[in-house]
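Below: one structure, written as structure tokens.
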Protein chains: 2
Amino acid sequence: MESQERFAQFLNSRGLRSSAPRSQVARIFLRTERHVSTGELYDLVRKKHKEIGYATVSRTLKLLEEAGLCRQVDFGDGTLRYEHAYKHAHHDHLVCTKCGAFVEIYSGKLEKLQDKMVEKYGYMQETHKLNIFGVCPKCQKKK
Amino acid sequence: MESQERFAQFLNSRGLRSSAPRSQVARIFLRTERHVSTGELYDLVRKKHKEIGYATVSRTLKLLEEAGLCRQVDFGDGTLRYEHAYKHAHHDHLVCTKCGAFVEIYSGKLEKLQDKMVEKYGYMQETHKLNIFGVCPKCQKKK
DNA sequence: GTGATATTGATAATTATTATCAGTACTGGT
DNA sequence: ACCAGTACTGATAATAATTATCAATATCAC
Ligand SMILES: [Mn+2]
Ligand SMILES: [Mn+2]
Ligand SMILES: [Zn+2]
Ligand SMILES: [Zn+2]
């Protein structure tokens with residue numbers, strides 16, 4: 001597993017250890033494609049490793065983020081989620097306000113338009129977050 | 001003051017009262033053009049009205065929101081802010097990650113592109129939130 | 001005025017995140 | 001193998017923002 005390898009390398013380069021808990025948390029995160037909150041990942045981890053604490057899960061997610069293996073996603077519902085960042089290009093999200101289902105969206109045109117706005121005001125762009133909220137097809141039918 | 005009037009009307013239509021605390025909080029919010037958090041507004045209110053509690057400020061902001069006089073803004077820094085919505089058309093924000101300064105941005109093209117994305121996936125759009133983060137001109141110079 | 005209802009502000013509860021810290025595990029040098 | 005110095009861990013506490021609770025007060029319709 002390549003990303004696992006990458007994490008080990010990152011830890012090493014920082015003088016940090018590839019401890020068992022870290023590797024186990026990382027493995028489980030990297031194996032799910034879900035956008036998980038810390039709590040959700042903690043629950044997943046607990047199924048296999050009952051001894052691992054919440055703090056370690058939280059800390060490992062931060063390390064994975066610094067290693068460029070995951071990034072935060074904020075749907076504005078009060079809890080942060082994490083998604084894969086390795087070999088997962090930037091994209092934004094279209095989220096259903098009824099059931100939480102979402103799709104990942106991307107448009108080069110849209111990104112370029114944003115760049116122009118940033119330029120116009122003399123800012124130096126770092127990141128951006130676009131969330132579009134609406135009702136998904138399924139939930140429209142349910143109504 | 002027109003918006004103040006509108007608030008009174010809204011309260012009336014809901015069978016709610018235009019109590020003194022509500023009106024005072026509303027007036028102070030409507031008079032500042034800042035994007036305030038509940039805590040910041042609470043502090044502003046306190047300067048004039050030492051008897052008003054945090055809960056009332058919070059609740060009044062929610063009412064103002066329902067009345068269409070303000071809307072939430074989330075810069076992703078852990079605290080929600082509120083901005084005027086009455087006679088303030090939709091727009092997004094370009095935020096400085098160093099000093100917090102921001103500019104309000106809008107592009108019809110960008111909005112239309114978003115609509116197309118939503119259509120493409122069969123969603124029914126409700127809202128969207130776009131925050132672009134970068135370093136403002138001033139902070140670039142400081143470096 | 002009176003009784004029903006809405007409102008208020010202090011306080012507590014909630015929620016997610018982050019910090020603290022004592023005990024444990026690991027490391028590199030000997 | 002031993003040891004001294006660090007890093008790491010998990011339980012717990014602290015933080016911070018928001019939301020709920022509730023007894024006291026204010027307001028309204030009659
Ligand atoms: Mn995603
Ligand atoms: Mn604004
Ligand atoms: Zn849905
Ligand atoms: Zn700045």
Nearest-angstrom distance from the residue atom [atom1] of [X] to [atom2] of [N]:
X        : N       : atom1 : atom2 : answer
Leu11(A) : dC8(D)  : CG    : P     : 8 Å
Gln24(A) : dT9(D)  : CD    : P     : 10 Å
Glu40(B) : dA16(D) : CD    : C1'   : 14 Å
Leu16(B) : dT8(C)  : CG    : C1'   : 14 Å
Arg59(A) : dG10(D) : CZ    : C1'   : 7 Å
Tyr42(A) : dT9(D)  : OH    : P     : 15 Å
Arg22(A) : dG10(D) : CZ    : P     : 11 Å

- Item | Given DNA chain D, 5'-ward residue of the pair Gly53(A) and Gly39(B), judged by closest heavy atom |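 Whichever sits nearer the 5' end wins; that is Gly53(A).
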- Message: side chain to side chain contact (heavy atoms under 4.5 Å, CB included) for Leu63(A) and Phe7(A)? Distances and angles first, verdict last.
- Response: CA-CA 9 Å; Leu63(A) 290 172; Phe7(A) 188 46; 4.0 Å; yes
- Judged by atom type as modelled, is there a donor-acceptor pair below 3.5 Å linking the side chain of Arg81(B) to the main-chain atoms of Phe75(B)?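 Pair absent, no side-chain N/O of Arg81(B) close to backbone of Phe75(B).
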- Query: Between Arg71(A) (side chain) and Glu83(A) (backbone), is there a donor-acceptor pair under 3.5 Å?
  - Reply: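 Absent.
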- Query: Considering only side-chain heavy atoms of Ser58(A), which listed nucleotide, dT18(C), dT7(C), dT9(D), is closest?
  - Reply: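 When the side chain of Ser58(A) is considered, dT18(C) is the closest of dT18(C), dT7(C), dT9(D).
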- Item | Asp92(A) to Glu111(A) - nearest heavy-atom pair and separation |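 Between these two residues, the closest heavy atoms are OD2-OE2, 3.7 Å.
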- Task: Carefully, step by step, assess Gln24(B) and Lys48(B) under the rule side chain to side chain contact (heavy atoms under 4.5 Å, CB included).
- Result: CA-CA 9 Å; Gln24(B) 289 156 349; Lys48(B) 286 277 174 193; over 6 Å; no
Between the protein and nucleotides 24-30 of chain D, which nitrogen or oxygen pairs are less than 3.5 angstrom apart?
| from | atom 1 | to | atom 2 | distance (Å) |
| --- | --- | --- | --- | --- |
| dT27(D) | O2 | Arg17(B) | NH2 | 3.4 |

Donor-acceptor contacts, no H, no angles, side chain residues 129-142 of chain A, under 3.5 Å, sequence neighbours left out:
| from | atom 1 | to | atom 2 | distance (Å) |
| --- | --- | --- | --- | --- |
| Asn131(A) | ND2 | Asp74(A) | O | 2.6 |
| Gln140(A) | NE2 | Val135(A) | O | 2.9 |
| Gln140(A) | NE2 | Gly122(B) | O | 2.8 |

- Query: Are side-chain heavy atoms of Arg6(A) and Phe10(A) found at a separation under 4.5 Å?
  - Reply: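 Sidechains of Phe10(A) and Arg6(A): no contact.
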- Side-chain N or O of Tyr54(B) closer than 4.0 Å to phosphate OP1/OP2 of dT18(D):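 For dT18(D), OP1 or OP2 has a side-chain N or O of Tyr54(B) closer than 4.0 Å.
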- Query: Heavy-atom contacts under 4.0 Å between residues 61-80 of chain A and DNA chain C, which residues?
  - Reply: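 Residues of residues 61-80 of chain A under 4.0 Å from DNA chain C: Lys62(A), Gly78(A), Thr79(A), Leu80(A).
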- Look at the rings of His84(A) and His88(A) and say which category their plane angle falls in: under 30° parallel, 30 to 60° tilted, over 60° perpendicular.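 Geometry flag for His88(A) against His84(A): perpendicular rings.
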- Message: Checking Lys116(B) against Lys109(A) for the side chain to side chain contact (heavy atoms under 4.5 Å, CB included) test, could you report, in this order, the C-alpha distance in whole Å, the side-chain angles of both residues, the deciding distance, and whether it holds?
- Response: CA-CA 12 Å; Lys116(B) 277 187 191 169; Lys109(A) 277 189 189 173; 6.0 Å; no
- Item | Residue whose nearest DNA chain C nucleotide is more 5′ - Arg81(A) or Gly15(B) |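 Taking each residue's closest nucleotide, the earlier one in sequence belongs to Gly15(B).
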